[in-house]
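Quick notes on the structure that follows.
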Amino acid sequence: MASSSIKAISSSALTASPKLSQVPPPPSKPYLLSFLHTTSNPISLKLSHSHNLRSHSFLITNVIKTAESSSDTYVSKSSQLPKQPSSDSTPTILVSEKLGEAGLHVLGGFGNLECAYDLSHEELCAKISTCDALIVRSGTKVTRQVFEAAKGRLKVVGRAGVGIDNVDLQAATEYGCLVVNAPTANTVAAAEHGIALLTAMSRNVAQADASIKAGKWQRNKYIGVSLVGKTLAVMGLGKVGSEVARRAKGLGMHVISHDPYAPADRARAIGVDLVSFEQAIGTADFISLHMPLTPTTSKVFNDKTFAMMKKGVRIINVARGGVIDEDALVRALDSGIVAQAALDVFEEEPPSKDSKLVQHENVTVTPHLGASTKEAQARLISPTLIKTFERYIEGVAIEIAEAVVGALKGELSATAVNAPMVSSEVLAELSPYVVLAEKLGKLAVQLVAGGSGIKSVRVVYKSARHPDDLDTRLLRAMITKGIIEPISASFINLVNADFIAKDKGLRISEERVAVDTSPECPVASIQVHISNVESKFASCVSENGNISIEGKVKYGKPHLTLLGSFGVDVSLEGNLILCRQVDHPGMIGKVGNILGTENVNVNFMSVGRTVQKKAIMAIGVDEEPKEELLNKIGKVPDIEEFVFLKL
Ligand SMILES: NC(=O)c1ccc[n+]([C@@H]2O[C@H](COP(=O)([O-])OP(=O)(O)OC[C@H]3O[C@@H](n4cnc5c(N)ncnc54)[C@H](O)[C@@H]3O)[C@@H](O)[C@H]2O)c1
Ligand SMILES: O=C(O)[C@H](O)COP(=O)(O)O
């Protein structure tokens with residue numbers, strides 16, 4: 001990350017860089033991330049052309065720039081994996097839980113792969129500062145301490161599965177670390193396990209098996225209950241819940257569901273009635289849990305809600321243990337409200353050996369096996385299944401490996417969970433404006449005099465589009481990046497842009513102005529206004545006292561088109577010299593000569609005039625001129641002020 005690039009030579013220019021007002025220290029030091037390197041770095045925008053059949057939405061993520069050293073040895077448990085020599089630019093990927101070979105191959109082909117499946121939390125914290133990516137399943141707690149210990153190097157956490165309740169998302173976001181998951185590959189496996197538990201529980205399969213192995217023959221003890229005609233309440237009609245519902249209907253059950261966010265047409269398509277929470281738990285013979293663990297769902301099944309259930313209800317949980325108050329479930333089992341429970345997941349995993357719940361004779365348990373099928377972790381091989389479940393053709397291992405490698409390459413992730421996702425279409429359309437937005441942010445902040453506290457930035461988008469058709473989150477994030485990065489040690493990406501702006505007391509407001517241009521072009525212009533600051537280049541201050549600049553995309557390239565009240569037109573590439581001079585002939589020649597004699601190539605030049613015989617000369621230069629050269633320009637008679645800006 002370059003330090004402040006301000007090299008202004010005007011009278012007020014040699015003061016310190018502008019600072020953000022009331023800036024608390026950043027949560028951590030640098031992130032070697034930039035979700036889009038738009039200028040000096042050759043890597044620009046990339047779309048992920050993932051080969052699978054999922055519908056894609058994308059996120060601009062991080063372009064890798066690996067830290068000082070990545071000299072870790074390649075420690076793969078698989079002798080078949082391709083070994084890669086360490087190098088400074090090769091990212092290190094730590095896999096902390098068992099992942100399918102196919103995924104390890106993808107990861108090993110891209111970076112230094114280290115599989116360490118038995119790390120304690122302390123060991124993980126000790127190791128993480130040497131890793132660019134971490135891949136976990138549900139057994140690794142990725143806490144705030146892990147992000148702190150990463151010292152800015154960890155760029156992406158890949159959760160090889162759905163539930164991300166074991167990852168501190170807030171901390172990840174604050175540290176600018178992208179979290180991706182593999183949300184689809186284990187759906188069928190989890191649903192099948194739910195059905196396995198439902199049928200095994202209702203026919204006492206596990207208990208009868210244990211009894212016969214203990215030398216008993218208890219045919220009367222293990223009389224089961226039938227499923228046909230019974231009501232099943234599916235709590236959470238998402239991916240797994242929907243598949244469970246379909247299968248349960250095939251078993252002849254009447255299926256109802258409670259899900260406050262499920263679309264009615266999805267329920268209708270499966271033939272499921274969406275009902276209230278009370279109705280669902282009050283009428284069901286079987287209740288199957290398929291909601292995520294969130295603050296709202298935590299212990300939602302408790303003494304109070306068990307008391308609302310039909311006596312003799314049976315419960316299946318392949319979601320998360322934390323949605324049930326386990327002590328309350330033991331009480332409900334003892335009192336007979338709940339006749340049986342079948343549990344794959346627990347509040348603490350593994351549960352204690354003497355857990356009353358686990359030991360209860362009416363409880364069937366499995367050790368979080370929902371996602372554990374060969375097919376879910378690797379690939380489904382049956383062509384029939386591929387046809388039926390197109391979106392499940394990839395296993396978790398491949399799904400997460402591709403997401404992590406893509407994120408490390410700076411591609412756009414379809415499965416980011418802690419950053420806004422932008423559709424590929426929107427992204428492709430906005431990409432030149434994304435470049436413009438960052439340049440305008442960079443330029444605006446360099447026009448602020450050192451010592452001014454930037455508190456408030458107003459961004460105005462002129463567009464012919466209806467506001468609903470213009471997603472400006474990316475543009476706002478890039479303006480934020482452009483403003484903050486030149487004057488702070490924080491590295492900004494789409495994950496943390498809003499957080500860091502807020503943390504630094506920078507308020508960015510957005511406005512849209514309707515214009516009568518072609519709606520084909522999403523943004524006619526972007527203006528950035530910084531209020532209540534001093535400027536080191538007075539000419540960029542508009543009548544209302546704000547530093548104001550405007551840019552447009554012309555022929556796919558970013559251009560500066562307005563500086564204060566001066567119209568200019570200069571391509572925002574390379575670096576920029578802005579001069580205000582008395583408007584008379586020969587000025588361009590004089591400045592051009594000085595640049596020419598020092599071999600500084602001018603790539604663009606534009607002059608804007610005012611009625612008071614003043615002109616603004618905007619000169620785009622490829623190289624960074626030496627200070628003596630800039631001083632020479634400053635001494636040209638009739639040049640009243642000038643500033644050099646790095647883009
Ligand atoms: N046991 C396993 O190995 C295993 C495997 C896969 C998934 N899971 C777990 O299963 C759960 C579901 O996974 P998924 O892939 O179907 O997720 P999903 O996001 O597709 O579905 C979750 C559904 O729950 C709904 N929901 C949210 N809050 C709710 C509430 N208060 N009440 C009712 N419904 C609510 C959501 O609207 C959504 O439709 C997750 O907790 C996941 O971690 C477990
Ligand atoms: O949320 C999930 O994807 C499941 O709980 C699977 O977890 P696992 O990857 O630890 O098996």
Side-chain angles (χ1 to χ4, degrees), residues 33-64 155-156 178 180 183-184 391 399 402-442 459-482 492-495 497-498 510 512 514-515 517-526 528 551-559 561 571-573 647:
L33 308 180
S34 162
F35 58 165
L36 190 63
H37 285 219
T38 50
T39 47
S40 53
N41 195 309
I43 305 166
S44 62
L45 197 67
K46 292 183 194 168
L47 293 181
S48 166
H49 298 292
S50 184
H51 63 261
N52 64 31
L53 300 165
R54 294 190 296 269
S55 67
H56 284 80
S57 50
F58 296 95
L59 159 74
I60 285 193
T61 56
N62 311 308
V63 175
I64 187 161
K155 297 166 185 68
V156 54
L178 181 72
V180 291
T184 58
R391 64 202 168 95
E399 194 178 12
E402 285 182 346
V404 166
V405 167
L408 286 172
K409 286 203 284 199
E411 290 175 357
L412 313 165
S413 168
T415 59
V417 290
N418 64 338
M421 285 188 280
V422 179
S423 76
S424 55
E425 294 76 26
V426 169
L427 189 72
E429 185 177 53
L430 284 186
S431 60
Y433 303 91
V434 163
V435 178
L436 173 68
E438 185 183 7
K439 301 248 182 187
L440 289 175
K442 253 185 180 174
V459 182
V460 180
Y461 308 98
K462 288 192 180 165
S463 171
R465 294 269 176 93
H466 186 274
D468 291 347
D469 289 337
L470 180 63
D471 187 338
T472 58
R473 290 171 303 173
L474 268 180
L475 304 178
R476 185 182 68 227
M478 291 310 283
I479 291 168
T480 308
K481 175 174 158 65
I492 322 275
N493 59 16
L494 188 54
V495 176
D498 284 343
E510 294 176 291
R512 310 207 189 170
V515 287
T517 51
S518 161
E520 290 289 298
C521 155
V523 185
S525 70
I526 303 176
V528 176
K552 292 182 181 172
V553 170
K554 293 188 168 186
Y555 309 108
K557 300 275 182 215
H559 279 233
T561 50
S571 163
L572 288 173
E573 283 174 297
L647 291 176

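When a residue number appears, it is its place in the shown sequence, counting from 1.
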For this session: Nearest 0.5 Å please: distance from the CD1 atom of I492 over to the CE atom of M478.
Result: 10.5 Å

Problem set entry | From NZ (K439) to OG (S571), nearest 0.5 Å | 7.5 Å

Exercise. In a check of side chain to side chain contact (heavy atoms under 4.5 Å, CB included) between L440 and each of V459, L475, I526, which one passes?
Worked result: I526

Seminar exercise, completed: Rounded to the nearest 0.5 angstrom, the CD-CG distance for E429 and L470 is 8.5 Å

For this session: Measure the spacing between OG1 of T480 and CD of E438 and express it to the nearest 0.5 Å.
Result: 10.5 Å

Exercise. Does the side chain of V553 reach to within under 4.5 Å of the side chain of V523, using non-hydrogen atoms?
Worked result: no

For this session: May I ask you to decide if Y461's main-chain N or O and R512's side chain share a donor-acceptor pair within less than 3.5 Å?
Result: no

Exercise. What distance do T415 atom OG1 and E399 atom CD have between them, rounded to the nearest 0.5 Å?
Worked result: 6.5 Å

Exercise. OG1 of T517 to NZ of K552: how many Å apart, nearest 0.5 Å?
Worked result: 9.0 Å

Problem set entry | Check: S463 side chain, P522 main-chain N or O, donor-acceptor pair, under 3.5 Å | yes

Exercise. With a 4.5 Å limit on heavy-atom distance, are the side chains of P432 and Y555 in contact?
Worked result: no

For this session: Could you tell me whether D498 and R473 make a salt bridge, using a distance below 4.0 angstrom between a side-chain N and a carboxylate O?
Result: no

For this session: Mind listing the closest non-hydrogen atom pair of V180 and A416 along with its distance?
Result: CG1-CA, 4.0 Å

Exercise. Is the side chain of H559 donor-acceptor paired with the backbone N or O of T561 at a distance under 3.5 Å, no angle test?
Worked result: no

Problem set entry | Which atom of S431 lies closest to which atom of A428, heavy atoms considered | OG-O, 3.1 Å

